[in-house]
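This report refers to the structure that appears directly beneath it.
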2 protein chains.
Amino acid sequence: MHTFQQLAETVKNYFNQESFTGTPNQLYEPIAYTLADGGKRIRPILLLAANELFGGNIESVRYAAIGIETFHNFTLLHDDLMDRSPVRRGKPTVYRKWNDNTAILSGDAMNILAWRYFLRTPHDNLQRILQTFEKTSMEICEGQQYDMNFESRDDVTIDEYMEMIRLKTAVLLGGALQIGALYANAPDNDIKHLYNFGIGIGLAFQLRDDLLDAFGNTATFGKQTGTDIRDNKKTYLFLRAIEKASPEQRQILMHLFSTNPENADNKIKEVLNIYSQLEIRNDVETRINELTNQAMHELDSISRPDEQKNTLRTIALSLLDRNV
Amino acid sequence: MHTFQQLAETVKNYFNQESFTGTPNQLYEPIAYTLADGGKRIRPILLLAANELFGGNIESVRYAAIGIETFHNFTLLHDDLMDRSPVRRGKPTVYRKWNDNTAILSGDAMNILAWRYFLRTPHDNLQRILQTFEKTSMEICEGQQYDMNFESRDDVTIDEYMEMIRLKTAVLLGGALQIGALYANAPDNDIKHLYNFGIGIGLAFQLRDDLLDAFGNTATFGKQTGTDIRDNKKTYLFLRAIEKASPEQRQILMHLFSTNPENADNKIKEVLNIYSQLEIRNDVETRINELTNQAMHELDSISRPDEQKNTLRTIALSLLDRNV
């Protein structure tokens with residue numbers, strides 16, 4: 001069994017050994033740009049770890065790993081365009097560096113490129129593997145649509161929010177694990193537990209992200225904080241605050257989340273102040289812990305020797321133990 | 001063997017029996033809108049005809065047929081957004097009826113939906129079939145990129161133009177035929193001829209389209225004429241005219257194709273006048289005939305009884321024999 005660090009190194013090598021060039025340049029250059037030094041690459045790492053847990057040879061899922069990461073980056077590319085996000089991983093996003101049409105078309109090509117990678121390796125169960133990938137892909141589109149719908153609604157519930165982040169974020173972690181396990185012909189019952197493990201850590205990861213955006217240290221988080229509040233994003237924190245707020249606090253929150261001041265510092269401070277009064281941070285931490293515990297319980301239920309699950313445990317904890 | 005009309009009816013039924021709904025509505029509604037009464041559906045018809053030519057039962061390619069048409073309509077949806085085309089098949093395009101983000105995301109979902117359909121039917125050779133679909137999909141993105149590149153270039157050659165329309169238009173006809181044949185386990189050599197047949201009629205079809213846009217009768221063509229000239233599109237007609245033009249004519253053409261008058265009637269008249277002087281229409285007709293003859297020769301070379309090729313012949317001629 002490889003460790004988390006070894007798998008991270010393996011995935012890095014897979015990408016370094018791959019060329020994303022082609023003609024016309026204008027189509028392929030933004031793809032190579034997007035996939036260069038691309039973040040934590042947690043999804044291909046999960047895919048490899050799941051494969052190995054069931055006795056797979058990780059070399060057999062090299063292209064599935066590249067495929068899942070290519071797909072993930074395609075969704076980021078199009079999301080950044082739709083959300084008008086100017087920066088990703090410290091670099092200008094594709095629509096900003098080039099233009100909208102380049103972002104649309106290169107994104108489409110990346111979506112197709114993901115399939116090319118998945119199709120490179122034969123497997124007796126290829127149809128089922130690809131159906132898992134397809135289902136996951138579609139759910140992510142559904143999640144993004146819900147996210148966009150929520151922008152113009154002021155009655156979003158916490159349940160709806162959890163379903164949105166399940167689709168937008170968690171299913172790709174679950175899907176990556178499931179695909180890795182399918183390549184190793186894992187039993188159905190184990191695949192179910194593994195998938196649920198992925199969903200659990202995906203949900204917890206997103207709630208941690210919401211928390212970090214509000215209370216994180218910019219230096220350790222790597223992103224500006226308070227952006228969700230500035231952009232009036234109805235995160236778990238906001239929805240929980242609305243649930244708990246007094247009529248007066250509710251009115252202030254609703255008002256603040258309808259403003260777009262040039263300098264958002266005071267707005268952020270006021271919202272954080274209400275979050276503190278309502279002990280929102282504590283509530284989110286509690287929910288994250290519940291989700292993490294449930295996820296670990298799913299991992300425990302898998303019919304493999306416990307010590308072989310250590311890599312997946314380490315990956316999960318590294319995802320969730322970011323400093324607030 | 002079914003006739004062209006029977007296959008067209010079959011494809012129509014396939015679509016009528018299919019539901020394209022889902023949640024969230026905002027994602028699926030534009031998909032159903034795009035696929036409703038969707039044009040000639042020539043690609044799924046070709047796929048069925050190719051399948052039957054090699055002894056396939058067309059019911060076995062029902063979902064591949066729906067998949068190829070879904071993919072085609074996805075490309076139209078995103079192309080219309082990129083080209084800012086307001087109308088398609090007499091209806092507002094998706095980005096106009098809804099907005100840009102809806103067009104981006106519903107298009108992405110349609111691309112994925114095409115894969116869902118392809119994955120519905122098992123086949124011993126599924127990997128190869130899907131690789132054919134993937135390669136075709138990617139080439140269409142490349143073709144669209146070349147088309148966009150050509151807008152800002154004034155040195156496009158006829159060879160480059162033919163390569164662009166091969167990628168943007170012809171490979172999907174070739175790919176549909178190839179996929180239909182692969183489902184029926186056709187011999188490789190026949191598949192090659194069938195693919196070339198598709199490329200040939202695809203190229204001829206696009207040149208016919210260029211011709212109709214300039215010289216067609218609006219009523220029979222179903223589209224406004226002169227739009228390529230109005231929009232400064234460097235079609236085969238324009239590139240051939242530039243090749244044959246006197247220095248003076250060349251200067252006039254280049255000038256006219258750099259203008260965007262509010263009322264384009266005079267511009268269109270002047271360009272058509274030069275096309276007439278240079279006998280461009282005759283040149284394009286000749287090229288269309290050459291391509292058609294080559295395509296028919298490829299069809300003749302396929303190792304199946306000649307009378308079984310009549311359906312494909314009829315489809316090809318119906319595509320190309322539109323009135324000018």
Side-chain angles (χ1 to χ4, degrees), chain A residues 22-28 71 74-75 78-79 81-84 99-123 126-151 163-164 167, chain B residues 22-28 71 74-75 78-79 81-84 99-123 126-151 163-164 167:
Chain A
T23 50
N25 288 338
Q26 292 84 348
L27 184 68
Y28 289 94
F71 176 81
F74 143 66
T75 66
H78 272 194
D79 283 4
L81 168 65
M82 289 184 272
D83 302 342
R84 295 280 146 193
N99 54 54
D100 286 17
N101 282 358
T102 297
I104 294 168
L105 193 60
S106 289
D108 290 345
M110 275 183 91
N111 188 359
I112 296 164
L113 185 63
W115 286 93
R116 174 171 301 181
Y117 282 112
F118 269 105
L119 286 166
R120 199 165 285 185
T121 312
H123 193 282
L126 190 64
Q127 188 183 7
R128 185 172 168 198
I129 290 168
L130 296 176
Q131 282 177 325
T132 304
F133 175 53
E134 177 277 312
K135 180 170 178 287
T136 306
S137 301
M138 191 64 98
E139 288 177 335
I140 289 162
C141 291
E142 293 170 357
Q144 170 69 3
Q145 183 68 56
Y146 280 118
D147 198 13
M148 297 197 308
N149 290 352
F150 289 179
E151 281 172 32
E163 173 63 4
M164 184 275 282
L167 292 166
Chain B
T23 50
N25 288 337
Q26 291 84 348
L27 184 68
Y28 288 94
F71 176 80
F74 143 66
T75 66
H78 272 193
D79 283 3
L81 169 65
M82 289 184 272
D83 301 342
R84 294 280 145 193
N99 54 54
D100 285 17
N101 281 359
T102 297
I104 294 169
L105 193 61
S106 290
D108 289 345
M110 274 182 91
N111 187 359
I112 295 164
L113 185 62
W115 286 94
R116 174 172 301 180
Y117 282 112
F118 270 106
L119 286 166
R120 199 164 285 182
T121 312
H123 193 282
L126 191 63
Q127 188 182 7
R128 184 170 169 201
I129 291 169
L130 295 176
Q131 282 176 327
T132 303
F133 175 52
E134 177 278 311
K135 179 169 179 286
T136 305
S137 300
M138 191 64 99
E139 287 177 334
I140 289 163
C141 290
E142 292 170 357
Q144 170 69 2
Q145 183 68 56
Y146 279 119
D147 198 15
M148 297 197 308
N149 291 353
F150 289 178
E151 280 172 33
E163 173 63 2
M164 184 275 282
L167 293 166

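Because the structure is predicted, anything quoted here is derived from the model rather than measured. First the proteins, then the strands, lettered A, B, ... as listed; each starts at 1.
Residue A:Leu130 holds its CG atom at 5.5 Å from CG of A:Leu119, rounded to the nearest 0.5 Å. Expressed to the nearest 0.5 Å, how far CD1 of B:Ile104 lies from CE of A:Met148 amounts to 8.0 Å.
Just one of B:Phe133, B:Trp115, B:Phe71, B:Phe118 meets the ring-ring contact (aromatic ring centres under 6.0 Å, His included) condition when paired with A:Trp115; it is B:Trp115.
When all heavy atoms of A:Gln145 and B:Pro24 are compared, the closest pair comes out as CG-CG, 3.5 Å.
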Next on the checklist: Determine whether B:Gln26 and A:Tyr146 satisfy the following criterion, side-chain contact (heavy atoms from CB on, under 4.5 Å), listing intermediate values before the conclusion.
Outcome noted: CA-CA 9 Å; B:Gln26 291 84 348; A:Tyr146 280 118; over 6 Å; no
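Under the 3.5 Å distance criterion, the side-chain polar atoms of A:Ser106 are matched with a main-chain donor or acceptor of A:Leu27. Here the side chain of B:His78 pairs no donor or acceptor atom with the backbone of A:Leu105 at under 3.5 angstrom.
With respect to A:Arg84 and A:Asp79, no salt bridge is recorded, no charged nitrogen being found less than 4.0 Å from a carboxylate O.
Only the backbone of B:Thr121 comes within contact range of chain A, with heavy atoms under 4.5 Å apart. Of the atoms belonging to A:Asn111, it is side-chain heavy atoms, and not backbone ones, that fall under 4.5 Å from chain B. With a 4.5 Å cut-off on non-hydrogen atoms, B:Asn149 touches chain A through its side chain but not through its backbone. Looking at B:Phe74, only its side chain comes within 4.5 Å of chain A, counting heavy atoms on both sides. Heavy atoms closer than 4.5 Å to chain A are found in both the backbone and the side chain of B:Thr23. For a residue to count as touching a neighbouring chain, one of its non-hydrogen atoms must lie under 4.5 Å from one of that chain's; by this rule B:Arg128 does not touch chain A. Within the 4.5 angstrom heavy-atom criterion, no atom of B:Ile140 approaches chain A. In this structure, the portion of B:Leu126 lying under 4.5 Å from any heavy atom of chain A is its side chain and not its backbone.
Among A:Leu113, A:Thr102, A:Leu81, A:Ile112, the residue with the largest count of heavy-atom pairs under 4.5 Å with chain B is A:Ile112. Looking only at heavy-atom pairs under 4.5 Å with chain B, the residue among A:Lys135, A:His123, A:Met138 that has the most is A:Met138. Chosen from A:Thr75, A:Asp108, A:Asp100, the residue pairing most often with chain B at heavy-atom distances under 4.5 Å is A:Asp108.
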